[in-house]
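Some notes on the structure that comes next.
Because only heavy atoms are used, hydrogens play no part in the values below, and waters and symmetry mates are left out as well, while side chains stay in. Here the structure is a predicted model, which is why all the values come from computation and not from measurement.
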Amino acid sequence: NSKVFANEGQIVVLNAHEGDEIVVTDIAGRVVLKENARAMKTILNNNLNSGIYIVTVEGVATKIVL
């Protein structure tokens, strides 16, 4: 199982399998970022605004606050 959390304005995904799809949506449901996981730790730094986001890794969604 992957672990998703925010750290200093970045989204961090741990323990995802390389190539797993990571989709970040805002609370309105708009996709703001889509990327494939890299190795065991993926850091997404896309200059996202502060707010609430839903990060989905291979179908499992996690709510985070930046």
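Nearest heavy-atom pair, Phe5 versus Ile64, reported as atom, atom and distance to 0.1 Å: CA-CG2, 4.3 Å. The minimum heavy-atom distance between Ala16 and Val13, with the atom names listed, is CB-CG1, 3.9 Å. Taking every heavy atom of both residues into account, Glu18 and Arg38 meet most closely at CG-CA, 4.4 Å. Taking every heavy atom of both residues into account, Leu66 and Ala6 meet most closely at CD2-CB, 3.6 Å. The shortest non-hydrogen separation linking Val57 to Val4 is CG2-CG2, 4.0 Å. Smallest separation of non-hydrogen atoms from Asn36 and Gly19: OD1-O, 3.6 Å.
At least one side-chain heavy atom of Ile22 sits under 4.5 Å from a side-chain heavy atom of Leu44. Considering only heavy atoms from C-beta on, Val24 stays 4.5 Å or farther from Lys34 through its side chain.
At distances below 3.5 Å, at least one donor-acceptor pair connects side-chain atoms of Glu58 with backbone N or O atoms of Glu21. Side-chain atoms of Asn7 do not come within 3.5 Å of backbone N or O of Gln10 as any donor-acceptor pair.
Separation of atoms CG (Asn15) and NZ (Lys41) is listed at 11.0 Å; rounding is to 0.5 Å. Expressed to the nearest 0.5 Å, how far CD1 of Ile11 lies from CG of Leu48 amounts to 5.0 Å.
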